[in-house]
Structure formats: structure tokens, C-alpha cells
Amino acid sequence: MTRVSRRVLAVLLLPLVLTACGAEMANDAAAAPPSAELKARAGESAIELIYVTEAPGYELARQSVGVIGNDGFSAAYFSAGTGGQIRLSVDRGKLDEASCEKQSAGSSGAGEPVECERDGDLWYRAAASTHEYARAYEGHVVRISADAKLVDRATLRRAAEKVHRADNEELDEVLPPAGEGVGSGTGAGAGADEMPERRDLPPVGDGAPNNDVGASG
């Protein structure tokens with residue numbers, strides 16, 4: 001190979017080298033560990049147990065973000081169009097064929113019969129009027145659950161397929177502002193079913209409703 005040929009080859013390879021370096025730097029940035037601020041905002045929830053998901057027509061109900069168990073994480077996604085609600089919960093534990101039917105599913109009570117079905121890498125679990133998709137990891141389980149009458153199985157599965165551990169940008173979007181931290185919350189429903197503020201309560205006294213009527217009453 002002549003000197004000129006080597007120079008031409010070097011010029012042609014330079015963009016590829018720069019692109020590879022840029023991609024490597026981008027990957028390093030994405031893999032950066034959470035900052036001390038993000039960890040503080042996570043409150044009692046372990047930062048590694050904070051997951052997010054997405055589903056067409058559903059938005060995160062920020063008020064629903066809370067801790068479950070000792071250091072787990074829970075959040076609800078609400079659809080204003082259908083009234084459906086998808087709950088994401090992550091907690092320590094395990095889920096396998098032997099324990100699948102023994103654990104409650106979604107909002108079902110303990111002891112209710114649970115039907116389990118393997119669906120790829122996921123478990124589809126149904127009990128009474130609730131159903132969920134669950135995926136077991138080493139040491140923790142991620143669940144996507146909903147009322148079967150309001151959220152169909154296909155929508156639930158799409159949300160389960162989109163579940164992933166939150167990166168730094170997503171943590172910043174999901175977590176409460178600095179100083180608040182993730183509270184105990186109510187998990188599913190806090191954003192959708194939150195009671196409206198009462199406007200008939202007096203500013204002083206024991207807070208009894210003001211039921212005074214006018215002269216015509």
C-alpha cells in the first residue's frame with residue numbers, strides 16, 4: 001500500500017473512529033451512577049428498585065409515587081380517556097412456578113385463587129377482577145397490575161414489556177423534589193382517586209363543615 005493510499009484510508013476511517021468514541025462516551029454517561037441528590041430524593045425506596053414504564057394513553061400520577069415494603073417502589077399510571085389505572089410495583093422477593101399461585105395478584109386479597117400462566121419471560125397472573133404481569137429478577141419482582149375490567153391484557157402486557165430500571169433522567173422526572181423524598185403514599189390510586197379539597201371548612205376551630213344557610217334558607 002502506497003503512502004497516499006494509507007492517507008486516504010486514514011481519512012475514511014476517521015469518522016468511524018469518532019463515531020465509536022462518541023457512542024462510547026454516550027453509553028458511559030447513560031451508565032453514570034445516580035447522584036447523591038437523586039438518592040436523597042428516593043427517600044426510603046432503594047434507588048435500584050425504582051422502575052418506570054409507559055403505555056399509550058397513560059400518564060404517571062405523580063401523587064401515587066410511594067414506597068412499599070421496606071424499600072420497594074410503587075407508582076400508578078392513569079388514563080383520563082378510559083379511567084383505567086396501571087400500577088407498577090417493585091419489591092424484594094421471588095416468584096417462580098412453585099410460588100406463583102400462592103402469592104396474591106394485584107389488589108386481590110390474600111387467599112384468593114390465582115391463575116398463573118407463563119408468557120415468555122413474564123408471568124401472567126389473574127385473580128377475581130384483577131390481573132397482572134410479573135417478572136422475577138434476582139432478589140426482587142417487578143409487577144404491572146390493573147383492574148381487568150378497565151385495562152385489557154394486551155395493554156397490560158405492553159406496559160410490562162416497557163418496564164425498565166429508571167435512568168438518571170427518568171429518576172429526576174419521577175422522584176419528588178429535593179427535601180420531600182418518596183413517602184409511604186398509597187401506591188395505585190393516589191393520583192386518580194385523590195379526594196378533592198374541601199372548601200366548606202372554616203379556617204379556625206375544629207374543622208367542622210360550615211353549614212350555615214342564608215336568611216332565605
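Keep in mind it's a predicted model, so treat the numbers as computed, not measured.
- Between Val174 and Val65, some side-chain heavy-atom pair lies under the 4.5 Å cut-off.
- Distance CZ/Phe78 to OG/Ser64: 11.5 Å, rounded to 0.5 Å.
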Intermediate values then yes/no, salt bridge (Lys or Arg N to Asp or Glu O under 4.0 Å), Glu97 and Arg125: CA-CA 11 Å; Glu97 186 173 2; Arg125 313 175 67 239; over 6 Å; no
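- Arg41 contributes atom CZ, which lies 8.0 Å from atom OG of Ser35 (distance to the nearest 0.5 angstrom).
- The side-chain heavy atoms of Val52 and Val163, taken from C-beta on, include no pair separated by under 4.5 Å.
- For the pair Arg135 and Trp123, the cation-pi test (distance below 6.0 Å, angle within 45°) is failed.
- Counted within 6.0 Å of CD on Glu115, heavy atoms from surrounding residues, nucleotides or ligands total 12 or fewer; the atom is thus considered open.
- The closest side-chain heavy-atom distance from Leu122 to Arg157 is below 4.5 Å.
- The distance from atom CD of Glu170 to atom CG of Leu175, rounded to the nearest 0.5 Å, is 11.0 Å.
- Using a 4.5 Å heavy-atom threshold, the side chains of Asp147 and Thr130 count as separate.
- Put simply, Leu95 and Val90 are part of two different groups of oily side chains (I, L, V, M, F, W, Y) that touch within less than 4.5 Å, one to the next.
- Taking the charged nitrogens against the carboxylate oxygens, Arg143 and Asp91 have no contact shorter than 4.0 Å, which rules out a salt bridge.
- The shortest side-chain heavy-atom distance between Tyr58 and Thr155 falls under the 4.5 Å cut-off.
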Given side chain to side chain contact (heavy atoms under 4.5 Å, CB included), test Thr82 with Leu150 step by step and report yes or no. CA-CA 7 Å; Thr82 66; Leu150 297 176; over 6 Å; no
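- Ring pair His131/Tyr124: centre-to-centre distance below 6.0 Å.
- Considering only heavy atoms from C-beta on, Ile86 stays 4.5 Å or farther from Ser145 through its side chain.
- Interatomic distance, Ile144 CD1 to Thr53 OG1, rounded to the nearest 0.5 Å: 4.5 Å.
- Between Glu117 and Arg153 there is a salt bridge, with a side-chain nitrogen of the basic residue lying less than 4.0 Å from a carboxylate oxygen of the acidic one.
- The distance between the ring centers of His140 and Phe73 does not fall below 6.0 angstrom.
- Counting heavy atoms from C-beta on, the side chains of Ser45 and Asp71 never come closer than 4.5 Å.
- For Glu59, the salt bridge (charged side-chain N to carboxylate O under 4.0 Å, His left out) test picks out no residue, with sequence neighbours left out.
- With a 6.0 Å radius and a threshold of 12 heavy atoms from other residues, nucleotides or ligands, Asp96 has its CG atom above the threshold.
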